[in-house]
Student: 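Got a structure for you, written out below as structure tokens; questions coming shortly.
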Amino acid sequence: MDQKERLKQHIMAAVEEQFAALKEIKQFLYENPEVGGEEEKASAILIDYLRKNGFQVIADFHDIPWCFRACYDSGKPGLTVGMTAEYDALPEIGHGCGHNIIATAPAGAAVALKEVADELGGKVVLYGTPAEECFVRKCDLAREGAFDELDFCLNVHPSGTNLKSGTTTALDAWQVDFYGKASHAGAAPEEGINALDAAVHFYELIGFEKQYLKDTNIYGVFADGGVKCSVIPDHAAVKYLVRAPKVKDIKAIRDLFERTAEACCRLVGTTYKIWNNEPGNMDVVTNYTLAAVFEDIYEELSGEPMLDDRFGGSTDVGDVSHCVPTIMPCIGIGCPGTMLHTAEFREATMTEAGDRAMKWGAQAMALTALQVMSDPDLMRRIRDEFAMNPDLRD
């Protein structure tokens, strides 16, 4: 038996050995859901598991509460394999996005890769990334260079069925504030500058323009428009959530917002400010050379095809993918047609199908890493694709 085949068998066996512990962690996360920014218990149980399995852990990584970096360093030169874990829950619903699997599958993969790193060299790094649903902490880590140490990054997401790693939308959130001059609407209307008029014009104009933007979602609500009808409002605000295929599309929409706000202010006489009222994230740019390796492995493990379909939605994995070669395939948990962010999906994570997907996901991530770590030409092709991808040079 050659070295690579022996290491494959080790990975499969190592995940099987960890399977009971991983199921216990998944169950614990399910029973103790914590929303983004409050994942004290979730981060603690994962850190404890990784430390017990030989990983050096930095808690509150980059001064982000409940974030961590867990590293197994072989002490030998080689590739640095990265993976990310998510463990925040949704308000009221709990783990309706399957983060109890997104946490445990990479944890099992990381532990299974220790012996591979010992033989082939390099490091295995698992990042615990809290608050994906609200504060998108991977974006902070990406901006601060946390992922620059990696040669490639592996991520998985549960879904109703198996899906190939593809694209997600870029997302941003803006509030547009308009500032006018208050005045008594009955006694001295000529003294007022109506900020609400500017906001209404802005909302209407954006509504006209957005119908011409392909594959784009722009939805806004009024955040402020005055309090009393007898007072001309000196402040009004509209807030928007914007999704578009690529970061460059988001930038073009931001330019549209600026031009439209300026025009409304010239018309009414107000001033304006546009600012990020919620964090946004970039689109996922899949490295298809790397993705093909995972997909072949996962199809063999699960006995089911990886479908070529758009995942949809947005995720802060997108920001990671703009830093290093990255994939985010979806692993099916036996509930086709069930939507994410629902109680039904939450329950599906705790079925036997959910357990199997977690196990196969861990094995496939580790086997994908082994394939890349043992094949310098494959790593070169992964890097070449990343370097030449035009979507990474916006």
Side-chain angles (χ1 to χ4, degrees), residues 97 132-136 138-139 142-143 157 159 163-178 195-225 236-268 270-288 307-323 326 328 330 339-341 389-394:
C97 199
E132 186 272 338
E133 297 288 356
C134 51
F135 301 129
V136 289
K138 294 186 197 68
C139 301
R143 281 191 296 270
H157 199 297
S159 182
L163 299 176
K164 294 181 179 180
S165 185
T167 59
T168 64
T169 55
L171 176 147
D172 217 342
W174 307 315
Q175 180 163 314
V176 188
D177 289 281
F178 292 94
L196 180 58
D197 284 348
V200 169
H201 288 314
F202 180 86
Y203 183 86
E204 289 176 334
L205 289 172
I206 292 298
F208 292 142
E209 290 293 331
K210 71 182 185 181
Q211 64 185 315
Y212 302 111
L213 301 176
K214 186 178 180 181
D215 298 327
T216 298
N217 296 112
I218 301 176
Y219 292 106
V221 296
F222 282 86
D224 183 29
V238 195
K239 58 183 181 181
Y240 284 86
L241 191 66
V242 179
R243 298 180 191 267
K246 302 292 179 185
V247 174
K248 62 182 179 183
D249 302 314
I250 293 287
K251 292 178 180 177
I253 296 167
R254 178 59 179 259
D255 289 342
L256 169 65
F257 270 50
E258 295 280 357
R259 294 194 306 272
T260 304
E262 288 172 2
C264 292
C265 287
R266 286 197 300 271
L267 177 66
V268 178
T270 54
T271 59
Y272 79 95
K273 177 179 75 172
I274 299 179
W275 55 285
N276 284 88
N277 63 315
E278 296 177 22
N281 57 256
M282 297 182 179
D283 53 300
V284 168
V285 178
T286 286
N287 187 282
Y288 290 101
L307 302 177
D308 190 2
D309 194 11
R310 186 186 178 105
F311 175 70
S314 302
T315 171
D316 57 7
V317 172
D319 289 58
V320 183
S321 74
H322 284 253
C323 298
T326 298
M328 195 189 75
C330 291
M339 296 296 294
L340 299 178
H341 290 210
N389 193 321
D391 291 329
L392 298 169
R393 295 195 293 273
D394 293 330

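Count residues from 1 along the sequence.
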Student: Return yes if some donor-acceptor pair links the side-chain N/O of T168 with the main-chain N/O of V284 below 3.5 Å, else return no.
Tutor: yes
Student: Taking the side chain as C-beta and beyond, is there a heavy-atom pair between N389 and Y288 under 4.5 Å?
Tutor: no
Student: Charged N to carboxylate O under 4.0 angstrom, D283 versus K246?
Tutor: yes
Student: Taking atom types as modelled and ignoring hydrogens, do the side chains of T326 and S321 form a donor-acceptor contact shorter than 3.5 angstrom?
Tutor: no
Student: Under the 3.5 angstrom rule, does the side chain of N281 hit a backbone N or O of T315 as a donor-acceptor pair?
Tutor: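 Present.
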Student: Does the plane of the ring in Y272 sit parallel, tilted or perpendicular to the ring in F178? Use 30° and 60° as the thresholds.
Tutor: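 Tilted: the ring planes of Y272 and F178 meet at 30° to 60°.
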Student: With rounding to the nearest 0.5 angstrom, report the CG to CE distance, L163 to M328.
Tutor: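 Reported to 0.5 Å precision, the distance equals 9.5 Å.
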Student: Can you name the nearest heavy-atom pair linking L196 to G225, along with the distance?
Tutor: CD2-O, 3.5 Å
Student: Can I get a per-line list of side-chain donor-acceptor pairs under 3.5 Å for residues 197-223, giving both atom names and the distance, sequence neighbours left out?
Tutor:
| from | atom 1 | to | atom 2 | distance (Å) |
| --- | --- | --- | --- | --- |
| K210 | NZ | I218 | O | 2.8 |
| Q211 | NE2 | F208 | O | 2.9 |
| T216 | OG1 | K214 | O | 2.9 |

Student: Can a donor-acceptor pair be found, under 3.5 Å and without considering hydrogens, that links the side chain of D319 to the backbone of M282?
Tutor: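 Side chain of D319 to backbone of M282, a donor-acceptor pair under 3.5 Å: yes, one is there.
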Student: Can you find a pair of side-chain heavy atoms, one from E133 and one from H341, that are under 4.5 Å apart?
Tutor: yes
Student: Please find the pair of heavy atoms, one from C97 and one from L340, that lie closest to each other, and give the distance.
Tutor: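 Heavy atoms of C97 and L340 come nearest at SG-CD1, 4.5 Å.
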Student: Can you give me the closest heavy-atom contact between A195 and T270, atom names plus distance?
Tutor: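 Residues A195 and T270, closest heavy atoms: CA-CG2, 3.9 Å.
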Student: Measuring only between side-chain heavy atoms, which start at C-beta, is I253 closer than 4.5 Å to Y240?
Tutor: no
Student: Could you grab the distance from atom CZ of F135 to atom CD of E278, nearest 0.5 Å is fine?
Tutor: 10.0 Å
Student: Which heavy atom of G280 sits nearest a heavy atom of V136, and at what distance?
Tutor: O-CG2, 3.7 Å
Student: Do H157 and V317 come close enough that some side-chain heavy atom pair is under 4.5 Å?
Tutor: no
Student: So, using salt bridge (Lys or Arg N to Asp or Glu O under 4.0 Å) as the criterion, who are the partners of E258 when residues are at least two apart?
Tutor: R254
Student: Using 0.5 Å steps for rounding, measure from the OG1 atom of T271 to the CG atom of D177.
Tutor: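 Interatomic distance, T271 OG1 to D177 CG, rounded to 0.5 Å: 9.5 Å.
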Student: Return yes if a side-chain donor-acceptor contact under 3.5 Å exists between S314 and T169, otherwise no.
Tutor: yes
